[in-house]
K.L.:
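Below you'll find the structure I mean.
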Amino acid sequence: MPLKIATWNVNSLRVRLPHVLNWLEAEQPDILALQEIKMEDHRFPHEELHAVGYNSIVCGQKTYNGVAILSKQPRESLDAVNCLYQEDEQRRLLAVTYHDVRIVNVYIPNGAHPSDAKYLYKLHWLEQLHNFLQTQLLLYPKLVVLGDFNIAPTDNDVHDPAAWEGQVLVSEPERKAFQRFLSLGLHDSFRLFTPDDKVFSWWDYRAAGFRRNLGMRIDHILISAPLVASCAASYIDKIPRSWEKPSDHTPVITVLDEK
DNA sequence: ATGGTGGCAGAGCCA
């Protein structure tokens with residue numbers, strides 16, 4: 001049976017809950033990974049999501065960051081749940097096991113600017129994530145790593161590469177870190193089906209970025225080699241970005257046809 | 001246009 005997996009940086013789940021509920025009812029993914037829910041766990045809208053058929057695992061915090069994984073499966077069946085990087089006060093990573101598929105939801109730091117301390121935090125976080133994924137692959141051959149990576153891997157993922165050269169989201173150290181994930185044996189599922197086209201997952205709120213299609217592809221779904229043969233589709237759903245009061249990101253979806 | 005918009009929180013930080 002197909003396994004439909006999606007990721008969406010919602011930029012406040014409190015504000016975006018109506019969008020998320022509408023989208024879940026229409027698209028019926030098996031898994032939806034959320035980033036930037038921007039709320040503490042006790043404020044998470046479990047009841048509203050359960051009313052449309054979804055159970056949730058949450059790793060939240062006040063005001064900033066926060067990740068969650070939604071599934072139609074009972075919470076208890078998503079065993080080996082981890083809220084990782086306990087030493088990091090920023091809640092940016094959550095992993096669950098769905099049948100024999102390990103799913104790692106990440107909200108990688110933005111990095112602000114290459115001269116900012118937050119950029120060094122981002123590079124450090126990427127290094128830690130690389131080490132974590134290396135270990136996860138040994139434990140779980142079927143691995144999905146999805147979320148807001150805050151990295152546009154190539155110039156085909158950037159509306160104006162010349163204007164952005166060297167900036168955060170596209171700088172060489174960030175792209176090298178992304179390539180290191182691929183070197184672990186992970187594959188950018190979107191590019192299995194759309195090798196070259198410029199298709200974006202995020203548009204800046206400012207300067208009418210969406211209307212002018214001044215975007216970037218920074219939200220990704222990476223899959224390990226044992227899942228590549230079963231990958232039936234991967235695409236970006238631009239529609240929610242056109243709704244009233246949207247997130248600046250839009251959902252990315254990958255379908256696995258697991259036998 | 002050295003800004004612009006949006007969320008949180010209630011001024012400035014983060015994206």
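The chains referred to below are lettered A, B, ... by the order of the sequence lines, with proteins before strands, and numbering in each begins at 1.
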K.L.:
Round to a whole Å and report the spacing from CG of A:Asp248 to P of B:dA15.
P.N.:
12 Å
K.L.:
Whole-Å distance between B:dA15 P and A:Glu174 CD?
P.N.:
13 Å
K.L.:
On a whole-Å scale, what distance lies between the P atoms belonging to B:dG7 and B:dT2?
P.N.:
25 Å
K.L.:
Does atom CZ of A:Arg175 have more than 12 heavy-atom neighbours from other groups under 6.0 Å away?
P.N.:
yes
K.L.:
Among A:Ile69, A:Thr7, A:Leu94, A:Leu13, whose side chain to side chain contact (heavy atoms under 4.5 Å, CB included) with A:Leu34 holds?
P.N.:
A:Leu13
K.L.:
Using a 4.0 Å heavy-atom cut-off, write out nucleotides 1-9 of chain B from 5' to 3' as B (base contacted by protein), S (sugar-phosphate only) or - (no contact).
P.N.:
---BBSSSS
K.L.:
Using the P atom in both, what is the distance from B:dA1 to B:dG6, to the nearest Å?
P.N.:
22 Å
K.L.:
Could you give the CG-to-P distance, from A:Asn65 to B:dC14, as a whole number of Å?
P.N.:
10 Å
K.L.:
Mind checking whether A:Ser224 and A:Tyr140 have side chains closer than 4.5 Å, heavy atoms only?
P.N.:
no
K.L.:
Could you give the distance separating B:dC13 and B:dG3 at their P atoms, to the nearest angstrom?
P.N.:
16 Å
K.L.:
What's the CG-C1' distance between A:Asp116 and B:dC14, to the nearest Å?
P.N.:
11 Å
K.L.:
Tell me the interatomic distance from A:Asn150, atom CG, to B:dC14, atom P, rounded to whole angstroms.
P.N.:
14 Å
K.L.:
Take the protein atom CG of A:Asn9 and the nucleotide atom P of B:dC14, then report the distance between them rounded to whole Å.
P.N.:
17 Å
K.L.:
For a quick check of understanding: with a heavy-atom distance under 4.0 Å over all strands, which category does A:Phe210 fall into, base, sugar-phosphate or nothing?
P.N.:
nothing
K.L.:
Expressed as a whole number of Å, how far does the P atom of B:dG10 sit from that of B:dG4?
P.N.:
23 Å
K.L.:
So for atom CD, which belongs to A:Glu127, do other residues, nucleotides or ligands contribute more than 12 heavy atoms lying within a distance under 6.0 Å?
P.N.:
yes
K.L.:
With a 4.5 Å limit on heavy-atom distance, are the side chains of A:Val101 and A:Ile31 in contact?
P.N.:
no
K.L.:
Regarding A:Lys72 and A:Gln28, do their side chains bring together a donor and an acceptor under 3.5 Å, going by distance alone?
P.N.:
yes
K.L.:
Between the side chains of A:Asp248 and A:Arg206, is the shortest nitrogen-to-carboxylate-oxygen separation below 4.0 Å, so that they form an ion pair?
P.N.:
no
